[in-house]
S.K.: 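The structure follows.
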Amino acid sequence: MEPRTDPYLLGLDCGSTVTKAVVFDAAGHEIGAGEATSGHQSPHPRWVERDMDVVWDACQTAIRGALAGAGVTGEQIAVVSPTAHGDGLYLIDATGRPVRPAILSLDSRAFAIVESWRERGVLAEALPLTGQEPFAASPAPLLSWVKTHEPESWSRARWVLSCKDWLRFRLTGSIGADFTEASLAFTDVTTQRYSAAAFALYDLDDAMEKLPPVSSSTEVIGEVTPTAAAQTGLRAGTPVVAGIHDVDASAVGTGSVHAGQLAVVAGSWSINEVISHAPATDPRWACRNFVAPGAWMNMAISPASATNLEWFVRELCPLEVERAAASGASPFAFINDEIAALLAGPSPVIFHPFLYGSAYGDLASAAFLGVRGWHGRGHLLRAVMEGVVFNHRMHIEALRSAFPVAEARLSGGGGQSAIWSQMFADALRLPVLVTDAREAGARGAAMCGGVGIGLFPTLQDAADACVRVAHRYEPNVDRAAILDAAYAAYQAAAAALAPVWARLG
């Protein structure tokens with residue numbers, strides 16, 4: 001059999017646990033994929049870390065798996081583009097070696113710093129300057145924590161990187177960030193460039209020299225080195241673009257590349273975002289840079305989405321998980337059958353999906369409310385799915401107060417379930433579109449790579465070539481009314497539980 005000679009795009013997507021590499025053709029079709037886990041550790045309460053070398057090892061495994069799965073060689077990959085989880089902290093010294101384990105975006109060790117900033121009015125000053133109020137896992141409070149508690153790590157650190165830019169360094173040897181990643185903490189929201197005033201606001205003036213230079217997400221910034229080629233199976237000299245923050249990558253991968261388009265990712269985090277051509281600041285969302293100067297991504301997010309369903313199935317449905325593993329089926333396959341007959345009437349049980357965090361503050365916790373003896377597991381499953389949708393709805397209503405949107409493009413675990421996708425359409429009273437992207441983040445990164453090498457003139461051209469709508473869900477008026485009532489109860493319960501959260505916390 002003759003080897004394929006078409007040029008292919010490689011998108012590398014490194015999440016908090018799983019790293020995926022996907023080979024795409026020029027039409028955005030997935031040709032082959034590979035993945036590997038790198039896990040994380042919690043050596044102390046609130047700490048979530050992982051070994052940076054293990055992260056790179058996982059990338060090597062994923063890339064080799066993608067090439068093998070696609071049946072192509074490294075010679076056929078025209079460009080590599082990385083994306084990864086944002087926020088957190090990846091520190092390296094002047095020789096390029098990690099200073100300490102990476103701190104992930106699930107970490108909350110710096111929560112007390114954020115609260116002290118809130119009390120002193122620092123967050124209120126940060127919003128109009130940087131376009132966002134920092135949270136515990138964003139770079140500013142984490143750097144402040146390292147500077148205070150690990151002065152040796154602080155002094156050794158030459159570069160402050162994101163996860164994606166650590167991978168870029170290992171691929172090419174070049175140090176840098178892209179516009180999306182650069183705006184995590186220290187850019188002026190109007191100029192979109194690093195701001196001395198932002199560093200001074202957080203008393204981190206001496207961190208400014210540790211931040212990397214910035215490029216457009218689609219700019220070719222280097223080539224795969226001989227060492228990286230030997231480790232991954234890629235060809236030495238393959239172009240690598242700067243890449244893109246995974247939140248933005250998921251939007252691009254579903255075709256959301258223009259102002260006013262609403263992209264929703266129901267995954268580990270509840271991600272809800274709208275592009276604009278002017279900055280719009282509000283404490284309910286972060287206004288960060290989009291792919292290139294002159295565009296902004298307004299993102300309302302919280303760590304309270306589809307991971308809640310994963311937790312429920314893993315912890316409370318062990319027999320289904322065991323059977324799925326034995327048969328090679330999805331451990332979530334049983335859910336549709338279990339809840340389908342329960343969807344017609346009102347929502348008897350409310351669930352707050354705050355297992356890993358919330359938009360209500362650090363002390364909010366998850367809970368089922370309204371459970372009775374005649375309710376079964378299906379009622380709880382429905383409540384979990386609706387609770388996740390309601391958390392997204394809260395963020396989306398905030399965005400819709402400033403940005404008119406006509407539809408939502410859904411990806412992540414929520415988009416892989418027809419029942420869940422319809423819930424989103426009903427609760428939002430918006431058409432919900434699900435595209436053919438199984439790995440929207442990797443495809444969005446690969447599309448940036450395609451622009452970088454001239455395969456596509458613009459991101460819009462890339463979207464036209466690579467993105468196809470697979471399903472469209474129209475809101476059902478009757479179901480929307482039912483979910484409106486349940487959402488009102490969800491909000492009332494959250495308000496009433498605030499003092500209880502404080503006592504439990």
Side-chain angles (χ1 to χ4, degrees), residues 12 14 52 56 79-99 102 129-132 138-140 142-143 146-147 154-202 204-225 228 237-249 279 288-297 445 448-449 451-453 459:
L12 180 62
C14 184
M52 290 171 61
W56 173 239
V79 65
V80 179
S81 182
T83 185
H85 76 84
D87 296 289
L89 214 56
Y90 287 67
L91 303 177
I92 63 173
D93 63 20
T95 70
R97 294 300 303 145
V99 167
L129 174 60
T130 68
Q132 60 200 309
S138 51
L142 285 177
L143 283 173
V146 170
K147 185 177 180 179
W154 175 263
S155 62
R156 287 180 55 211
R158 173 61 187 92
W159 296 109
V160 175
L161 302 179
S162 66
C163 179
K164 166 183 66 63
D165 296 323
W166 164 242
L167 304 183
R168 158 189 167 159
F169 172 70
R170 294 305 301 261
L171 284 165
T172 68
S174 69
I175 294 289
D178 80 297
F179 271 94
T180 63
E181 216 82 69
S183 65
L184 298 183
F186 300 110
T187 52
D188 183 310
V189 71
T190 56
T191 67
Q192 299 183 293
R193 300 299 196 277
Y194 291 140
S195 164
F199 289 94
L201 178 63
Y202 302 124
L204 290 169
D205 305 78
D206 46 351
M208 192 167 184
E209 64 181 15
K210 299 178 186 288
L211 271 289
V214 183
S215 305
S216 167
S217 304
T218 59
E219 182 178 338
V220 174
I221 48 77
E223 299 176 343
V224 174
T225 65
T238 302
V240 179
V241 298
I244 183 172
H245 182 349
D246 66 352
V247 171
D248 302 82
R288 293 177 170 179
N289 298 343
F290 191 45
V291 172
W296 286 259
M297 180 62 86
C448 288
V451 174
I453 61 171
L459 270 184

S.K.: Would you name the heavy atoms of E181 and G86 that are closest together and state the gap between them?
M.R.: OE2-CA, 3.6 Å

S.K.: I want to check something: taking the side chain as every heavy atom from C-beta on, are S195 and L129 in contact at a cut-off of under 4.5 Å?
M.R.: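 SC-SC contact between S195 and L129 confirmed.
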
S.K.: Before you tell me yes or no, could you show the steps for H245 and F290 under ring pair (Phe, Tyr, Trp, His ring centres under 6.0 Å), namely the whole-Å CA-CA distance, both residues' side-chain angles and the distance that decides it to 0.1 Å?
M.R.: CA-CA 9 Å; H245 182 349; F290 191 45; over 10 Å; no

S.K.: Looking at every non-hydrogen atom in both residues, tell me the closest pair between S174 and T172 and how far apart they are.
M.R.: OG-OG1, 2.7 Å

S.K.: Could you grab the distance from atom CG of L91 to atom CG of L161, nearest 0.5 Å is fine?
M.R.: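 If we round to the nearest 0.5 Å, L91:CG and L161:CG are 8.0 Å apart.
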
S.K.: Evaluate salt bridge (charged side-chain N to carboxylate O under 4.0 Å, His left out) for D178 paired with R168, printing each intermediate quantity in order.
M.R.: CA-CA 11 Å; D178 80 297; R168 158 189 167 159; over 6 Å; no

S.K.: Do V189 and W296 come within less than 4.5 Å of each other through their side chains, counting heavy atoms only?
M.R.: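 V189 reaches W296 side chain to side chain.
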
S.K.: Tell me whether the rings of F199 and Y194 are parallel (<30°), tilted (30 to 60°) or perpendicular (>60°).
M.R.: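 If you compare the ring of F199 with that of Y194, the planes turn out perpendicular.
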
S.K.: Under a 3.5 Å cutoff, is there a donor and acceptor pairing between the side chains of R288 and T180?
M.R.: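 There is no such pair (donor and acceptor under 3.5 Å, judged by atom type) between the side chains of R288 and T180.
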
S.K.: Please confirm whether the backbone N or O of D246 pairs with a side-chain atom of T83, one donor and one acceptor, at under 3.5 Å?
M.R.: yes

S.K.: So, taking the atom named CZ in F169 and the one named CH2 in W159, what distance separates them when rounded to the nearest 0.5 Å?
M.R.: 10.5 Å

S.K.: Checking side chain to side chain contact (heavy atoms under 4.5 Å, CB included) for the pair W154/L143: CA distance, chi angles, key distance, verdict?
M.R.: CA-CA 8 Å; W154 175 263; L143 283 173; 3.8 Å; yes

S.K.: Which is it for V240 and V220 under the side chain to side chain contact (heavy atoms under 4.5 Å, CB included) test, yes or no, and what are the steps along the way?
M.R.: CA-CA 6 Å; V240 179; V220 174; over 6 Å; no

S.K.: About how many Å separate OG of S162 and CG of L167, when rounded to the nearest 0.5 Å?
M.R.: 8.0 Å

S.K.: Quick check for you: to the nearest 0.5 Å, what is the distance between H85 atom NE2 and C14 atom SG?
M.R.: 6.0 Å

S.K.: Please name the pair of heavy atoms, one in Y90 and one in A102, separated by the smallest distance, quoted to 0.1 Å.
M.R.: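 In terms of heavy atoms, the two residues are closest at CE2-CB, 3.3 Å.
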
S.K.: Assess the residue pair V160 and F186 against the criterion (side chain to side chain contact (heavy atoms under 4.5 Å, CB included)); give the C-alpha distance rounded to whole Å, side-chain angles, the decisive distance to 0.1 Å, and a yes or no.
M.R.: CA-CA 12 Å; V160 175; F186 300 110; over 6 Å; no

S.K.: For residues D188 and T191, report the shortest heavy-atom separation together with the two atoms involved.
M.R.: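 Looking at all heavy atoms of both residues, the shortest contact is CB-OG1, 3.2 Å.
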
S.K.: List in chain and number order the residues that pass side chain to side chain donor-acceptor pair (under 3.5 Å) with D93, two or more places apart in sequence or in another chain; answer none if no residue qualifies.
M.R.: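 With neighbours one apart ignored, the set is T95.
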
S.K.: What pair of heavy atoms forms the shortest contact from S215 to I221, and how long is it?
M.R.: OG-CG2, 3.6 Å

S.K.: Out of curiosity, C163 SG to M52 CE, how far, rounded to the nearest 0.5 Å?
M.R.: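 C163 SG to M52 CE: 8.5 Å, rounded to 0.5 Å.
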
S.K.: Would you check if the side chain of S217 reaches a backbone N or O of G243 as a donor-acceptor pair within less than 3.5 Å?
M.R.: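 The answer is yes, because a donor-acceptor pair under 3.5 Å joins these two groups.
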
S.K.: Could you tell me if the side chain of T130 sits less than 4.5 Å from the side chain of Y202, heavy atoms only?
M.R.: yes

S.K.: Within a strict 4.5 Å, meaning less than it, do heavy atoms of the N289 and Q192 side chains meet?
M.R.: yes

S.K.: With rounding to the nearest 0.5 Å, note down the distance linking CD1 in I92 to CZ in R156.
M.R.: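 So the gap between those two atoms works out to 11.5 Å.
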
S.K.: Do the side chains of T238 and V79 get nearer than 4.5 Å, heavy atoms only?
M.R.: no

S.K.: Looking only at heavy atoms, which two atoms of L12 and L171 are closest? And how far apart?
M.R.: CD2-CD1, 4.5 Å

